[in-house]
Amino acid sequence: MNDVCYFTNELKFLPIETTHTFTLNLFKVISQNTSPHYYFCWMDYLDGLNPSQKEAVLHVTGPSMVIAGAGSGKTRVLTYKIAHLMRKGVDPFNILSLTFTNKAAREMKERVGKIVGEGEARNIWMGTFHSIFARILRTEAAKLHYPSNFTIYDSSDSKSLLKAIMKDVGVDEKTYKVGLVLNRISSAKNNLLTAAAYNNNVNIQAEDRQMAKPKIGEIYKEYERRCFKAAAMDFDDLLFKANVLLKDFPEVLNKYQHRFKYILVDEYQDTNFSQYVIVKKLAALNENVCVVGDDAQSIYAFRGANIQNILNFQKDYPDSKTFKLEQNYRSTKNIVNAANHIIDYNTEQLDKTVWTANEEGAKVKVSRTLTDNEEGNLVANDIIDIKHNNQVQNSAFAILYRTNAQSRAMEEALRKKDVPYRIYGGTSFYQRKEIKDLLAYCRMVINPDDDEAFKRIINYPARGIGKTTLDKIAFLSNAEDKSMWKVISSSQLDSLEINSGAKNKVRHFIEMIQNFHILSKKKNAHQLVEDIAKTSTILTDLFSDKSPEGVARYDNIQELLNGIKEFVEDDVVKAIDIPYGEEAPLIEEGQEKSLAVFLQDIALLTDSDKDDKTDNNKVSLMTIHAAKGLEFPYVFIVGLEENLFPSQMSLSSRPDLEEERRLFYVALTRAEKEVRLSYAASRYRWGNLIYCEPSRFIEEIDDKFLEYTTPQEKKKNSFDNEQTGNFDNQRVNYRSTLKKGMSKVTKKDSKIPEPKIIPPHKKMVSIDASKRPVDPTFAASASKVEIGLRVEHLRFGKGEVTNMEGVEPDRKATIVFDNVGEKQLLLKFAKLRILKI
DNA sequence: GTATTATCTAAGTCT
DNA sequence: TAGATAATAC
């Protein structure tokens, strides 16, 4: 039995029924020669694992690390490990499992539930670092002098606050870019540096002075203060303050050390220092900690993730066991090998060999198009073709890109061809202005000290409280170190030097918010928010706007209301499903569906956490970052151009470039059956047309894994050796930090060429859009196409025009192509070249 | 104090 | 191109 049941793509099973140690499974066996057949069998729940997976699962006591190659069944190991712990008698309350998204947590909980029983699985603490520690912080808030209903500022709140501070401090917004300042503060927090520590740190101060931004420390200090007075924490605070809690309050540390006897961390390669310290502290008592990760998939260095955490792990726990999962169950041989080949260009990596027993599979197709829009058409057509030829669903496809801005061209093409799709990430629903406005009212009801929410709604919809009044309130608020709400709702309002008209308007506003607050005790979240939308006149305001944007905004508000209604009515779906009970005293009986809980849930919702319950059969569009941990039969990686992927900003340092390459590795390894790469020769960026060169990553894949579907651009020697070797002195040498038992670092093979760095003078040229050049070959004007002419189409090849119908601009040509037969093409879209007869 | 228009600048990835 | 901000008129 054991020999047969290792999982391959050909062998799928469904658990039917579970007893204490055995599971009845339904197997579907697919082989090439016979038709699929089914059989039942009882098996021990561990029989579904291969030897190395099993070894990792069976290791129960003491620290362990699992280095898991892409598609090697990492989630499976985590799931079975948790199930195994529970089978061994561990109380689910004592298990803490930290995942990368809440959705991953939910799914894993479900799977554990299938093995050990749902009721039991419910009690596991499972979620993202941010959501788990937000929950713990709410419980322990008083110790940090925060109320338990504190607000979580998202990055736009943080930026708006920083802008206000920078104005007050008197620094120029052009030199001090908000994004940069926020990044500095963020990375300080992720390295557990308070504003005071930041200002006392000689190196940091020197760095800031060198950047000609010596006042960042001062801004940080003020930012810290204003967040506190608004009873708000930003994303990084959730981890930072969790650290403060565990450091300054031994009794709290003790409590959670006893609570979390077993700790599991997924995607360990993407944890930052702050997260690393949290895990280390919590695990210090029992040392039953299991981390799972893959250094080759580390793609979050930009937000402080530190690959050193994996190495530190072995230093901290010299007795820890390391397990390696190297068999890939997801992808074809061709994909696995192509990905391995790419990642070999990186100098920084742990030694492991990912392999697969799966079939050889198709080659990776590479296509070039003239423009970004055409790239969209190409992908859309390919999807239609593959769907047709292989009888697969829309959900089998993913289009992955480096930047969110690239989604536009893809969307347009898919829409034009009626292919249903869903975009993950991007400007998410909750970031839209109208949604943020309405939610700001909600935030004020839950936490009136929330200054960012206050600023947003004090005069929206317009109620005659202008800049002058607001400035005076803000001034007093800062001078007295009180929230703006505290300033106006106290007797201090009388002493404010504003005219009586404005004062009355402010009083009216206070009354309105207070009324909402009273209502919040009586009504459920949906009724309350509906009332807020009406009373605040947001609803009528948007309704009267009949422009397409206005209508869309109104619809969005309705959608939000529907969402809240669903939240209230649905008793199953909860974004953060960790045990309530004594840990969450703020949620009183009957309050599980309150507005407060809704706000808590959405603040930390990842885009992929939101399930589209109505229709899941859609093509997925997302950034590669968002695709982490996911898999799809067919993956399109688009925009493979220098300066886009790899990103222009990564070109000046080797570690950054290597992170881009890991990102490409992640993209490739999402695919089960087929990967298609594409790049455009030109694309619009900032409203300008720019010319692009194919990404170095395409060249880095050996030709034996590739198939070019369009004529390959002639090989350029442009970025030859001139700049290679630049980074050699920056190379991070892991070997010195390695302990025995650790995997060896691959010595870079001398045969493998150095990554080629594009010289600065090869930067993209942008030209005026009005001077956009017309491609000489494929831009025949539609009017010249006539019946009887021989034409050439980029994708379909050569053919003869047999019929014309319709009037401009919807003129259609029927063309019989030599290879693909008859097609009807809209001339305004089809780029045809007329062939000389 | 508010609404409209002109000008600027930005988009790298995410909790 | 589009959203955010500054300048202008009302």
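The basis for the numbers below is simple: all heavy atoms, side chains too, and nothing from hydrogens, waters or symmetry mates. Reminder, nothing fancy here: chain letters follow the sequence lines and each chain counts from 1. Since we're looking at a predicted model, the values are computed, not measured.
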### Query
According to a strict under-4.0 Å criterion, is Ser650(A) in side-chain N/O contact with OP1 or OP2 of dG12(B)?
no
### Summary
Glu411(A) atom CD is separated from dT1(C) atom C1', nearest whole Å, by 14 Å
Taking N or O atoms only and anything under 3.5 Å, show me the protein contacts with nucleotides 1-4 of chain B, one pair per line.
{"unit_1": "dG1(B)", "atom_1": "OP1", "unit_2": "Thr469(A)", "atom_2": "OG1", "d": "3.4"}
{"unit_1": "dG1(B)", "atom_1": "OP2", "unit_2": "Thr468(A)", "atom_2": "OG1", "d": "2.3"}
{"unit_1": "dT2(B)", "atom_1": "OP1", "unit_2": "Gly464(A)", "atom_2": "N", "d": "2.8"}
{"unit_1": "dT2(B)", "atom_1": "OP2", "unit_2": "Asn459(A)", "atom_2": "ND2", "d": "3.4"}

### Message
Does Lys159(A) reach a base, just sugar-phosphate, or nothing at all? Heavy atoms under 4.0 Å.
### Response
nothing
### Touch class at under 4.0 angstrom, heavy-atom based, for Arg402(A) against every strand present
base
### Query
Between Arg662(A) and Asp295(A), is the closest basic N to carboxylate O distance under 4.0 Å?
no
#### Entry: Candidates dT9(B), dC14(B), dT15(B) - which lies nearest the side chain of His625(A)
dC14(B)
### Task
For Phe129(A), answer base if it contacts any base atom (sugar-phosphate contacts may also be present), sugar-phosphate if it contacts only those atoms, and nothing otherwise; contact means non-hydrogen atoms under 4.0 Å.
nothing
### Task
Look at the side chain of Ser155(A) and decide which nucleotide, out of dT13(B), dT15(B), dA11(B), has an atom nearest to it.
dT15(B)
### Task
Can you tell me the distance, in whole Å, between the CZ atom of Phe100(A) and the P atom of dT15(B)?
7 Å
### Sugar-phosphate, base or nothing in reach of Lys163(A), heavy atoms under 4.0 Å
sugar-phosphate
### Task
Assign Glu173(A) to base, sugar-phosphate, or nothing according to its heavy-atom contacts below 4.0 angstrom with the strands shown.
nothing
